[in-house]
Amino acid sequence: MSTRPGNNDFTVKIANVNGTGSASANALLMKTFFRMGIPVVGKNYFPSNIQGLPTWYEIRVSGEGYLARSGRVDVMVAMNAETYQKDLEEVAPGGYLIYDSTWPRAKTLHRDDISVIGIPLAKMCNEHFDTARSRVLMKNVAYVGAIAGLLDLDLDVIRDSLRQTFAAKAHLADANQQAIELGYNYVRENYQCPLPFQAIADNKTSDHVMIDGNTATALGCLYAGATVGAWYPITPSTSVMDAFKGFCEKYRVDPDTGENNYAIIQAEDELAAAGMVLGAGWSGARAFTPTSGPGISLMNEFLGYGYFTEIPAVFIDVQRCGPSTGMPTRTQQADVMSCAYASHGDTRHVLLFPANPEECFYMAVQAFDLAEQLQTPVIMLTDLDIGMNDWMAADFKWDDAYKPSRGKVLGEKELQEIEQFHRYLDSDGDAIPYRTLPGVHPKGAYFTRGSGHNMYGAYTEDAGEYQEIVDRLRRKWETAKCYVPQVEQEYSEQYRTGIIAYGSSDGAVREARDQLHKAGVGTNYLRVKAFPFTDDVQEFLDAHDRIYVVEQNRDAQLHNLLLLETRVSQEKLIPILHYNGLPINAAVITDRISQEVDKVVAA
Amino acid sequence: MSTRPGNNDFTVKIANVNGTGSASANALLMKTFFRMGIPVVGKNYFPSNIQGLPTWYEIRVSGEGYLARSGRVDVMVAMNAETYQKDLEEVAPGGYLIYDSTWPRAKTLHRDDISVIGIPLAKMCNEHFDTARSRVLMKNVAYVGAIAGLLDLDLDVIRDSLRQTFAAKAHLADANQQAIELGYNYVRENYQCPLPFQAIADNKTSDHVMIDGNTATALGCLYAGATVGAWYPITPSTSVMDAFKGFCEKYRVDPDTGENNYAIIQAEDELAAAGMVLGAGWSGARAFTPTSGPGISLMNEFLGYGYFTEIPAVFIDVQRCGPSTGMPTRTQQADVMSCAYASHGDTRHVLLFPANPEECFYMAVQAFDLAEQLQTPVIMLTDLDIGMNDWMAADFKWDDAYKPSRGKVLGEKELQEIEQFHRYLDSDGDAIPYRTLPGVHPKGAYFTRGSGHNMYGAYTEDAGEYQEIVDRLRRKWETAKCYVPQVEQEYSEQYRTGIIAYGSSDGAVREARDQLHKAGVGTNYLRVKAFPFTDDVQEFLDAHDRIYVVEQNRDAQLHNLLLLETRVSQEKLIPILHYNGLPINAAVITDRISQEVDKVVAA
Amino acid sequence: MSTLCAGCGHDSVTGALVQAAFELDIPPHRMAKLSGIGCSSKTPAYFLRQSHGFNSVHGRMPSVATGANAANGSLSYVGVSGDGDTLSIGMGQFTHAVRRNLNMLYIIENNGVYGLTKGQFSASADLGSKAKKGDANQQPPIDPCQVVLALGGSFAARSFSGDKQQLVPLIKAGLAHRGFAVIDVISPCVTFNDHEGSTKSYKFTRDHYHPAIHADYVPPSQEILAEYDEGSAMPVELHDGSKIVLRKIDEYYDPTDRSAALTQIQQAQTDGEIITGLLYIDESKPEMQEINRMPSVPLATMSYEKLCPGNDKLQALQDRFR
Amino acid sequence: MSTLCAGCGHDSVTGALVQAAFELDIPPHRMAKLSGIGCSSKTPAYFLRQSHGFNSVHGRMPSVATGANAANGSLSYVGVSGDGDTLSIGMGQFTHAVRRNLNMLYIIENNGVYGLTKGQFSASADLGSKAKKGDANQQPPIDPCQVVLALGGSFAARSFSGDKQQLVPLIKAGLAHRGFAVIDVISPCVTFNDHEGSTKSYKFTRDHYHPAIHADYVPPSQEILAEYDEGSAMPVELHDGSKIVLRKIDEYYDPTDRSAALTQIQQAQTDGEIITGLLYIDESKPEMQEINRMPSVPLATMSYEKLCPGNDKLQALQDRFR
Ligand SMILES: Cc1ncc(C[n+]2csc(CCOP(=O)(O)OP(=O)(O)O)c2C)c(N)n1
Ligand SMILES: Cc1ncc(C[n+]2csc(CCOP(=O)(O)OP(=O)(O)O)c2C)c(N)n1
Ligand code: SF4
Ligand code: SF4
Ligand SMILES: [Mg+2]
Ligand SMILES: [Mg+2]
């Protein structure tokens, strides 16, 4: 289902070598579309390496506001000789390939069905810039200028951006501006500009920001009042803590004392990071640890401990492509099962599935509320696509009336008044006991242990006492269903085909539904935001004859959770799986569903 | 569904304090029944502590050969004042309670419906033995004598056992014999002997042994030719390595050189133990690590690594009561899900489910064969009940013609002949590639990595190359179905109700089926021995209207695997769950099924 | 109260802890007790019932203590661990707690074996020490005190469960010390490692016991008694104004010189001596809270208003993202 | 071939490894290369293509090497790790490999940062060393050589990726040593830790570089050349008849005295000097295979007949269970 590009509907992909400083040029290009009021998303395909390997940046300009990969490249900027052939192949018929014509192109690499635009980027930059470093960097800026010329970008917007970026260093702004003009003028002079598809200024990006999910998550943690962040660096979650640190340095340093109203601890590994957040949560701080797949595997023992001892803590899994080390710079949604039931024994964990940076922000806050209300670890699962790519998101708003839900914590006064405190008693019938914090009152003292304990918190090896606790934990799971965020639905009674998805698959599903709708195939849609599933999920399943479950893993992991945790019958659920490490695009879904619909019609 | 005791059909339970040396007395008692030709099982309920806490040993004498807990106590030997009340309550109506009448019994502790037998055990032993230690020990032996008197045990058998045990220390044999007689004579003189139910010599134990599952597992590893055992101590798996060490010292020390033809490495933790067996498996040794739940949690990362890099290794999970530290000396079958899908990303592991020590022996061997044939970690799941309790088992036999299936390993000669070796190529279409061992031939060299690799073994971040590998791994999973052990079935077309169970739940199911049959309720039975499920499982599911899945965990974990990995419809599967840490007994199953049958009949 | 074996060294350590806490008059609810898994790690269940206790997972108590301390540095933290819990499975976390100079007292009840799993050698088992069944250990021991010194830690002591005289003041000093105070307490396992041939038995320990430096804890209010003569007494001033007075038993021992202390400890090891006392102290090293400039109000109880920048700031901030 | 940054220290270490392997003439397929995760841990992918390579998970290479060595002790094992891989996540396994005296060469490509995850301080970052953005590290470094010495290890060396003259013979000595040979190679990260203020930069390392003891490897066949004069040259005989000739650059340095070596290393640390060379060697300690009395035929290739006791023995054995 590949369509032709049009105005405000095309994809530009830049092929480069990592470590050559193309990130800021690409960001400038993104920002230009955005500031022209045109919706845009940027996806970065970078290697698990620091310097010298191929890297790509893909910018999808979409007046319709589609967020997934388009699955199409209309303009390829081929800056990397090593991947030239592959990049050439990837251009959609009728598309354009820009290359640095400083050096001759290999004759063998040729296509008749696309247009090739040569620009002597290196040559021009060598002529205009002095240092080796600036020559390399300015080549990148120059291709931005060329694209500006080809797609009719607003040069004023670019100029303003540069001025803003280099506010303190006017000479850099000038140099960049010069590079822009080099590229711009060259194409304007040598090629027919603009191309048949162009950027047309619009007003669809006001009240929006460009942000990646990890930054948004960090902001959520900040606003939730999280104070203890423990972590061990791992791609693609590292920038969560980088961003959190940045925000804390800005907003959490006491102006009077210079003291830090936060603690960020770089742990020695993920086991330690997990232990730290449990220790902090037990003490009463809002604590979180961002990690990725291998970290989740290492945290298994502590996750089970947190479940059984009922300690609030927030775990953030920015999923990457597994199994094992897998492809650390590629995306997947493949940790769902291992998070849901992490750890040996009968364990189950509350999961949250934000679909975009906006939800990362709000759900991070919910994660802390849930963890404390339910007294249990909560795992928020994002992924590399959400976490590290550049998304357009509606402005984040904060309700200043928000108060953290600290759950059932007995304070000094309450403890003074009660006869005796028992940690694991279900006094309210909702299976959530009361807890106390260390240091508050002698009556609050209790002993936390991962071994068998009874409802009074005492050690036990008694079959009945033990079972009472695990049965209550199971009842607490039922309570959790009332607390977790509801699903998002688009439902019309006329359709009997449903789609279920979660997280970063959302964009592709939305686009696919539009495509299918245009092709006369109507579908309903439910997006799951949390585990355990709320009742709406069951209702949606009941209301459809066939439900496609779209996800980015090989083994149909959410599909599996649906089988296990609802009453759906297996035949109704049809997995649509995409798991090669690239973000899913709409075609995967549209093609599959329309094929099957054809089959049904043909039968 | 509690019946009355009868000849060769009763349960004796001994309540004691741990660390007081009752183990050998209890073993003597067990052995006596066994040597009299009467089937018997012994279950030990001991605390997670070394000395001073209550401990129980339960001997079920069952002419019918039932292996589960009877759920009934006919004779209670109440040697522990602290648990006296509880022990008293546990005696079945009409049963007997033996206590040490050296001290008066509390008047308040009284029951009309049982008979109480007082024996001045301490007094008699104090009179007859000199040292403090022997007085404590001989009290235990004396109650064995008393039981011998009450149940008409064969004194010659006891005498022979003692002689054999103390072959080197005649004075100990005599002292023990004397203690036996003290107890024996006291009851013979003071109480009506034998009791209405007695031990009648039989011949049902010939060609059988009394053995625990961990010893059997160790024997299996020995016979499989396992050479590297890495482990970190953890209850209830520790005795696997203890036994393996014992066997190796006996059979694996080179008589000429004194060299050890084995390596046992006590690792620093379970992560290290997992790494060691993968390193050894990669090198070509048969390697294994026994552990329990917390260890499995810690091994998650390496399990995923082994799956993705395709290294053979055997993991043995002697399951205990979870979650977290849980009750380390209580049993459960609650690690099934976490083993099946251990580690982040799309992973799945071959599991084996022995039901008793005999199968531990044979399946341990199969585990090594499977691991090498399939080039993947294999996890054998036993549990505390199988692993540490005393079971009657048919004699183990070894086929001297057995050759280890080493799977597809290219040797020196083969490597010499081939052009080039590629590690992850599916040359045979069964999704199993060839491997080579380090040190054999330069042509065999390849690079093992948990990061993305292609079929040639090279590093990749290419979407297609990566997917090729994980797709093949999924196909290998299909191949695995042809290799894993088949189910055990009892099937008759006339019944529409099936029972599925695995592992240590087998005994209770067999007994329950007999009980149900007597009550006119016919059932079929399938025992799963491995994951992935073989085709018979699907057939069995298809052939029944309702299938009870009996297991010892809260969350219905095998039931869940069936839902996920077969095409069964949910309504047909009815979990019967027992998870309080004690081994399941037949009544749990019989009561539930007959209740539901009544309901169906009533409706 | 304890469910350990009669005579277990760990129970004596419990006793010393109770006495030290009593003498220091710490309100029990201002203290937190943490441990891993093992017989030793059960200790926190046996003292100060009005303190919060945390029996974590095997070998990972330091991380929990680190998180707890980050959340609330105003409490006294006592960790009790075993040689298995600290030096085998826990080695990584232990060394990093040393490196962070986490403000807590960390007691290792060191018996050279895994008690709870029935007597396997631990990583502190000495070369040649015999197991109950006779096998001799053939790997060098990991000595937590040497590890602390090699890593640049701030407080390393060794003692013996059988010497309350020495142990109680050490515990007090450890509690008063600002930073990670490690006390390696030889604490014999009567059930699995108290036999002939074991180097962690009561007898062997008594026979080879060598106190090198005695430490007395002197509360802030109290004057140092004149009875110490200049040459051998060395007061170390603590942050709260209290003092640890070091009294040299070994004339040559200098517990403030890292290399010299290490040399002495290694020499004792070579000689088969168990050198005890406050083997090393450096009060000048900043502890974790200081390093991270943590506030005096614990993060755990800091009001949300201090933590949330509010909507206005959020709106302003987002201009960066346009 | 390498995909590291141009100028990365790790590539020089690769070069030294290639040269050492070439000079020792080890058949490549008789060598196994192992690593964890990190830029450094990619090294094994860049040399000896005809050796089996094993890029394990982060920080856990020692356990894999231990298992491999147990299965087949007849190969030469080279492990390459990073400071993060060894001293943070890998600290537990590293220390236990030292304790087992696992027979392998273990190289730490030490750059004071996590290269692959973009420049966080690692546990070997020195006190006060500055990050690229300017923050100063405030925790003491973990020095692998001190750790080896504190744990009673058998071989500790330090070198610099920029000094092939020193590094190549050290690698040869480490390969020839029977036991766990640790070489801590300062190997600057040009991308994240080569700036002013970093104590692991090329410049800082060159400026503070202090060779104390030079080691030359002399193969079994070869005579020790007379050019070393008695006082400063010290040949250490290895198990295979080869020798390591230690040449003192620092007159007072004794690489066979554990405590003295530790003292010198700590002194250098205090002085801000990077002391290098074969800092400690003890050839007398048994390595893991010896301790466990492992056979000369590798277990991995031992015939099944030698391993299976057969049915008769099984039947006899079972009498115990009746
Ligand atoms: C992850 C994990 N592995 C293993 C165990 C089993 N285990 C419990 S205590 C212990 C060793 C305890 O030794 P130590 O710390 O020396 O304490 P001690 O009992 O000697 O006082 C082990 C291995 C466990 N509880 N958890
Ligand atoms: C379990 C796990 N946690 C985190 C990571 C992410 N990670 C990869 S390399 C690395 C640090 C590497 O540092 P170092 O060992 O010093 O190597 P360098 O890159 O500096 O050479 C980290 C944290 C991982 N791969 N696995
Ligand atoms: S087994 Fe040893 S360590 Fe454990 S309680 Fe008994 S004496 Fe103490
Ligand atoms: S980031 Fe640093 S360590 Fe990694 S390759 Fe580049 S220079 Fe080397
Ligand atoms: Mg111990
Ligand atoms: Mg590094």
Peer 1: Look up atom CD in A/Glu268 and atom OG1 in C/Thr66, then write down how far apart they are to the nearest 0.5 Å.
Peer 2: 7.0 Å
Peer 1: In terms of heavy-atom proximity below 4.5 Å to chain C, should A/Val228 be classed as side chain, backbone, both, or neither?
Peer 2: side chain
Peer 1: Between A/His441, A/Arg35, A/Met392, who has the most heavy-atom pairs with chain C when the cutoff is under 4.5 Å?
Peer 2: A/His441
Peer 1: Checking heavy atoms, do the side chain of C/Lys313, its backbone, both or neither come under 4.5 Å from chain A?
Peer 2: both
Peer 1: Measuring heavy-atom distances to chain C, does A/Phe34 have an atom under 4.5 Å in its side chain, in its backbone, in both, or in neither?
Peer 2: side chain
Peer 1: Heavy-atom pairs under 4.5 Å with chain A: which of C/Leu75, C/Val297, C/Leu317 has the most?
Peer 2: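 The option with the most such pairs is C/Leu317.
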Peer 1: So which atom in A/Ala263 and which in C/Met294 form the shortest heavy-atom distance, rounded to 0.1 Å?
Peer 2: CB-SD, 3.5 Å
Peer 1: Could you check whether the rings of C/Tyr304 and A/Tyr402 sit parallel, tilted or perpendicular, using 30° and 60° as the cut-offs?
Peer 2: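 C/Tyr304 and A/Tyr402: perpendicular rings.
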Peer 1: Using heavy-atom distances under 4.5 Å, tell me whether C/Gln315 contacts chain A through its side chain, its backbone, both, or neither.
Peer 2: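 C/Gln315 touches chain A through side-chain heavy atoms alone.
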Peer 1: Can you tell me which of A/Asp399, A/Leu278, A/Leu271 forms the most heavy-atom pairs within a distance under 4.5 Å of chain C?
Peer 2: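 Among the listed options, the one with the most contacts to chain C is A/Leu271.
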Peer 1: I need the A/Ile265 CD1 to C/Met288 CE distance, nearest 0.5 Å.
Peer 2: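 Answer for the CD1-CE pair, A/Ile265 versus C/Met288, is 4.5 Å.
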Peer 1: Heavy-atom distance under 4.5 Å to chain A: side chain of C/Leu48, backbone, both or neither?
Peer 2: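 Contact with chain A: none, neither part.
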Peer 1: Taking the side chain as every heavy atom from C-beta outward, state whether A/Leu437 and C/Asn72 have any pair of such atoms under 4.5 Å apart.
Peer 2: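 They are not in contact (no side-chain heavy atoms under 4.5 Å apart), so the answer is no.
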Peer 1: Side chain to side chain donor-acceptor pair (under 3.5 Å), that's the test. Do C/His52 and A/Thr436 meet it? Break it down for me.
Peer 2: CA-CA 9 Å; C/His52 267 61; A/Thr436 59; 3.1 Å; yes
Peer 1: Do A/Tyr459 and C/Thr3 pass the side-chain contact (heavy atoms from CB on, under 4.5 Å) test, and can you show the C-alpha distance, the side-chain angles, and the key distance before you say yes or no?
Peer 2: CA-CA 11 Å; A/Tyr459 181 82; C/Thr3 58; over 6 Å; no
Peer 1: Please flag which part of C/Pro44 lies under 4.5 Å from any non-hydrogen atom of chain A: side chain, backbone, both or neither.
Peer 2: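 Answer is both: backbone and side chain atoms of C/Pro44 are under 4.5 Å from chain A.
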Peer 1: If you count heavy-atom pairs under 4.5 Å between each of A/Ala224, A/Gly284, A/Gly439 and chain C, which one has the most?
Peer 2: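 Looking at each option in turn, the highest pair count goes to A/Gly439.
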Peer 1: If I measure from the heavy atoms of chain A, does C/Thr301 come under 4.5 Å with its side chain, its backbone, both, or neither?
Peer 2: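 Neither part.
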Peer 1: Name the option with the most non-hydrogen atom pairs under 4.5 Å to chain C; the candidates are A/Gly450, A/Ala230, A/Ala273, A/Gly444.
Peer 2: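 So the answer, after comparing A/Gly450, A/Ala230, A/Ala273, A/Gly444, is A/Gly444.
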Peer 1: Atom OG of A/Ser161 and atom CZ of C/Arg322: how far apart are they, to the nearest 0.5 Å?
Peer 2: 13.5 Å
Peer 1: Give, for atom CG of C/Asn292 and atom OH of A/Tyr262, the distance between the pair rounded to the nearest 0.5 Å.
Peer 2: 8.5 Å
Peer 1: Taking every heavy-atom pair that is under 4.5 Å apart, which of C/Ala70, C/Ser56, C/Ser63, C/Ala65 has the most such pairs with chain A?
Peer 2: C/Ser63
Peer 1: Could you check which of C/Met302, C/Arg320, C/Met61, C/His58 has the highest count of heavy-atom pairs closer than 4.5 Å to chain A?
Peer 2: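 Highest number of pairs under 4.5 Å: C/Met302.
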Peer 1: Under 4.5 Å from any heavy atom of chain A, what part of C/Gln289 do you find: side chain, backbone, both or neither?
Peer 2: neither
Peer 1: State whether the side chain of C/Asn311 and the backbone N or O of A/Asp400 hold a donor-acceptor pair below 3.5 Å, judged by distance alone.
Peer 2: no
Peer 1: Check whether C/Ala45 gets within reach of chain A through its side chain, its backbone, both or neither, counting any heavy atom under 4.5 Å.
Peer 2: both
Peer 1: Taking every non-hydrogen pair under 4.5 Å, which of C/Glu305, C/Gln93, C/Arg99 racks up the most with chain A?
Peer 2: C/Gln93
Peer 1: Non-hydrogen atoms of chain C under 4.5 Å away: do they reach the side chain of A/Phe421, the backbone, both or neither?
Peer 2: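 Neither part.
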Peer 1: What pair of heavy atoms forms the shortest contact from C/Ala71 to A/Ser283, and how long is it?
Peer 2: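 Heavy atoms of C/Ala71 and A/Ser283 come nearest at CB-CB, 3.5 Å.
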Peer 1: At a 4.5 Å cut-off on heavy atoms, which part of A/Ala393 comes close to chain C: side chain, backbone, both, or neither?
Peer 2: neither
Peer 1: Which answer fits A/Arg252, side chain, backbone, both or neither, if we ask what part of it has an atom under 4.5 Å from a heavy atom of chain C?
Peer 2: side chain
Peer 1: Under 4.5 Å from any heavy atom of chain C, what part of A/Val440 do you find: side chain, backbone, both or neither?
Peer 2: backbone
Peer 1: At a heavy-atom distance under 4.5 Å, which candidate from A/Cys248, A/Ala267, A/Ala272 has the highest pair count against chain C?
Peer 2: A/Ala272
Peer 1: Starting at CG of A/Asn261, measure out to NZ of C/Lys306 and round the result to the nearest 0.5 Å.
Peer 2: 5.0 Å
Peer 1: Any idea which heavy atoms bring C/Leu314 and A/Phe396 closest together, and the distance?
Peer 2: CD2-O, 3.6 Å
Peer 1: Name the region of C/Pro295, side chain, backbone, both or neither, that has any atom closer than 4.5 Å to a heavy atom of chain A.
Peer 2: both
Peer 1: Go through the atoms of A/Ala287 and report whether side chain, backbone, both or neither lie under 4.5 Å from a heavy atom of chain C.
Peer 2: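 Neither; nothing under 4.5 Å.
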Peer 1: Do A/Trp398 and C/Cys308 have side chains that get closer than 4.5 Å, going by heavy atoms?
Peer 2: yes
Peer 1: Is it the side chain or the backbone of A/Leu415 that comes within 4.5 Å of chain C heavy atoms, both, or neither?
Peer 2: neither
Peer 1: Any idea which of A/Thr309, A/Thr227, A/Asn260 has the most non-hydrogen atom pairs under 4.5 angstrom with chain C?
Peer 2: A/Asn260
Peer 1: Which atoms form the tightest heavy-atom contact between C/Pro309 and A/Leu222, and what is the distance?
Peer 2: CG-CD2, 3.6 Å
Peer 1: Check the pair C/Arg60, A/Asp269 against salt bridge (Lys or Arg N to Asp or Glu O under 4.0 Å), reporting the backbone distance first and the verdict last.
Peer 2: CA-CA 11 Å; C/Arg60 320 288 177 189; A/Asp269 64 11; 5.5 Å; no
Peer 1: Are the charged groups of C/Arg293 and A/Asp254 less than 4.0 angstrom apart, N to O?
Peer 2: no
Peer 1: To the nearest 0.5 Å, what is the distance between CZ (A/Phe447) and NZ (C/Lys33)?
Peer 2: 5.5 Å
Peer 1: Heavy atoms only: give me the nearest C/Arg100-A/Gln266 pair and the separation to one decimal.
Peer 2: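 Closest approach of C/Arg100 to A/Gln266: NH2-O, 3.1 Å.
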Peer 1: Do you know the tightest heavy-atom contact between C/Gly310 and A/Tyr223?
Peer 2: O-OH, 2.8 Å
Peer 1: Checking heavy atoms, do the side chain of A/Tyr305, its backbone, both or neither come under 4.5 Å from chain C?
Peer 2: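 Side chain only.
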